[in-house]
Amino acid sequence: MLDFFTIFSKGGIVLWCFQGAGVTESFTGPVNALIRSVILQERSGNNSYTHEALNLKYKLDNEFELIFVVGFQKILTLTYVDKFIDDVQLHFRDRYKNELEQKGPLKLIQNNFEFEDDFLMLLGDAEKSSKARSLGNMRTFVQSEKSQKTVKSMIETKGGEKVKEQGGKKNKNAKKEAPAAEPVKVDPAKAGQKTVENGDQGLTSEEIMQNREKLFRKRTAVPTEKPIKSPKPQKPREKQMRVWHNGGKSTTKDLDYSGRNGDGSSNGDQNPEAQRDPEMQLNSMKGDLLSVDCESSEEEEDEMEDEKEKGETVVVNQTIKTSSKKSGGFGGMFGMLKGLVGSKSLTREDMEPVLEKMKDHLIAKNVAADISSKLCDSVAIKLEGKVMGTFTTVASTVKQALQGSLVQILQPKRRVDILRDVMDAQSQRRPFVITFCGVNGVGKSTNLAKISFWLIENGFTVLIAACDTFRAGAVEQLRTHQRRLNSLHPPEQHGGRPVVQLYEKGYGKDAAGIAMEAIAYARNQTFDVVLVDTAGRMQDNTPLMTALAKLIAINMPDLVLFVGEALVGNEAVDQLVKFNQALADHSMSEKPRLIDGIVLTKFDTIDDKVGAAISMTYITGQPIVFVGTGQTYNDLRSLNARAVVSALMKA
Amino acid sequence: MKADSTGGNMGDKADVEISENPFEPYIEFLRQQLEDQDPIFLIGFIVALAVVVITCVFLKYFLTSKTVRSAVLLVGLCDSGKTLLFSRLLASKFKRTQTSITDSSAPYKAKNDRGSAWTLIDLPGHDSLRSLYLEKFKSGARAIVFVVDSAIFQKEVRDVAEFLYVLLTDNVISRNAPALVVACNKQDITMAKSAKLIQQQLEKEMNTLRVTHSAALSSQDGSVGGSVYLGKKGKDFEFGQLPLKVEFLECSARGNKGEEGDADIESLEKSLAKL
């Protein structure tokens, strides 16, 4: 049933692969797509991924740096796959422990991993177990609970109907079992009846027989006779709970903090330490209050180490199945020593407190809540089972991994060089079209002016298309910018023609039409770049989103830039998702033009709460092309991923 | 009278004695201690001191010698064949590969008379991981093998040039000046471009990139990227103008005879042997 199964190292070498019978296509493509979109974009919280017709499930083994991937057709629903991957992983590790433990890819390259027989055996077991589970025997009526109940208890009477009960019961009996099995049926009917008699008042067995005969006659005449169902009382329509789709998955239970603060004793004595707030130290508040700058990050790490040690006693109590677990076997003492000296693998429980803290830290830095939790999940999966080096704490490992993931997210996934692309378009004698979209008031027009200033400084001619035909003064604003830019770079210095021109048709006209005419005009007059300014619109406003999608679908710009301000919080997620969705829905072609890049504006107003950058790049996967750091023409920068991440991780 | 003078003399002597006295007992004490001790113990003490001093000197020597660069990096765009080349160079084996997400390093013995051995490191080529791993390994690089996919070079020429440009203008790399070998891989495919053509195309592209990158925006905290200017101002860019040694060669990691046959990497091995 499986299409393929591969085991490969994180360094890229395939150790073993299996291709199902009749599958001719190579799986390299889908697996590469899985790696690039899921693992590298830190979306590994959910361990399955769909690529065209295939469903891919994967598992990371962080101790030996391996990845296990299984692929099967999307239409099949195989229930045994998750457990199957776990089994294969354990089996493979046990069998090839020696080869895998040697660091270095040399062994991996030289060895031929003959895993075929074991794999087929495991596959057979998994398939058998799934079949056994699904075909359970249905209970007979006698075994069910319903036959034990009295009929009278089941119906809701509206003022005294007695006879129909028995009829109904007998009918049910008659319908459910075949007439050939009558003798068998009689007994259960009798048994049922006995209970009926007990519960029923006033019906003798003779009467019962008479009624039964009557019913059998009726049954032969009328084949279908529905058992009388008691009318269900109509449930009044209750108020449906509002579900916020983009607001994260926290249910009311998660948000209910009343129980946790109240009684810690209700949870028993199992983990009193885990209940304790990691920041609190008992008896530290005695005496005078300490001054403000006593806290340091080292103190926090010591506390975290204490947490970890106590957490290890908890870990000892719980049974751990994997054979490679070396830690926590002899109680907290040895665990602590082992933790210092190395060869301790990380578990979820060890990382939980640290990850919680990091998640709160990220949220405090203005990263959207949903994305923070997804990021922390992804880091947990990347680190689970990893063996820590000597003298490294859990906290430092997790912080390092999180930092690496953040830098990875912010790095652009494709080449970002606007000037080079403009030169390309120049050589093809067509203008390079950039469209700006975004919600109201984020700085589209201002940043458009800054970008045109930058382009002029580099010797290109710019045409600004005023497609904001709604906002009062939008066209005049752009005209003022044009005049200023032309005075800064007078036409005499640039070959006699003005470097910036404005193409406008006043207010109230169709934006898509103006854009199309502007591009045609630019082509005729050989302008290098066309900057299209659109009106700000809320992402929920369907007619405006449709209009924007139409503008982009008709004109096919080279670059669609979403302008977002750095002050936005959780809203960024909603905005980007809805914008992308609108662009995808209303485009006629197979490959719709989505957002290609992000302009992050008002960056000077946030000090180090730079989380909006992470939210935006995580949601779209597109790079941040420009950063606006002020309100004059010179305040345009490019993104430095390292600086943003260090500002984000700073305590 | 005489008694007074003698008394005075005595007094002077006593003064002299008193002035020397504060040091005397200490020196006497030390001398006595040293004489009391076993001479062997003394010698042991001096030897220990000498050993400590010598260890410090050795450590300093070894620490400085550790910065001798002994790594050869395999870099390139995604899907250019680095991991397969890595496998071929180390064990002459063909292995199926997927996109790498971490680096792999292994010791490599060069095929020359000296039998010099250094570390071969295969870095991931994916855009988001590239700079991370380059930062880690660039200071220890003795040579860089830049792998290019010759078959789809025309489509990717801008991305290849961008990566090469970033590599060459990096401060650490331009300071250390490791040898650069551009390996035009996938020559077994019929439409593969030759090394000479790739060199010319790259030179043209780097020429343009010099202009666009110097005009690029500075990043938001004020730092500008590598401020090294490649080649000579006023003249078209050529690889010969660079301070580091650049060599173009052709190779094929897959080999002409499919998976079972040998890879066509002799030229690569030869140039690696020259290092």
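Convention: sequence-line order gives letters A, B, ...; per-chain numbering from 1.
No side-chain donor from either of B/N185 and B/S80 sits under 3.5 Å from a side-chain acceptor of the other. One side chain, A/N32 or B/Q98, offers a donor N or O that lies under 3.5 Å from an acceptor on the other. For the residue pair A/T601 / A/N447, no side-chain donor-acceptor distance below 3.5 Å is found, with atom types taken as modelled. Between the side chains of B/S150 and B/Q187, at least one donor N or O lies within less than 3.5 Å of an accepting N or O.
Cation-pi geometry between B/R130 and B/F163 is satisfied (NZ or CZ under 6.0 Å from the ring centre, within 45° of the ring normal).
Taking the side chain to side chain contact (heavy atoms under 4.5 Å, CB included) definition, one finds that A/Q403 meets it with A/V645, A/M649, sequence neighbours left out.
Highest contact tally toward chain B, considering only A/D635, A/D424, A/N458, is held by A/D424 [criterion: heavy-atom pairs under 4.5 Å]. Residue with the most contacts toward chain A among B/D122, B/V211, B/T208: B/T208 (heavy-atom pairs, distance under 4.5 Å). Chain B forms more heavy-atom pairs under 4.5 Å with one residue of A/M423, A/E457, A/R642 than with any other, namely A/R642.
There is no contact between A/D604 and chain B, counting heavy-atom distances below 4.5 Å. Heavy atoms closer than 4.5 Å to chain A are found in the side chain of B/T83, but not in its backbone. For A/D417, the part lying near chain B is the side chain, with the backbone staying farther off; criterion is any non-hydrogen pair under 4.5 Å. Contacts between A/D421 and chain B at a heavy-atom distance below 4.5 Å involve the side chain alone, from C-beta outward. Residue B/L84: no heavy atom, backbone or side chain, is found under 4.5 Å from chain A. Only the side chain of A/I67 comes within less than 4.5 Å of a heavy atom in chain B; its backbone stays farther off.
Looking at A/K413 and B/D127, no side-chain N of the basic residue comes within less than 4.0 Å of a carboxylate O on the acidic one, giving no salt bridge.
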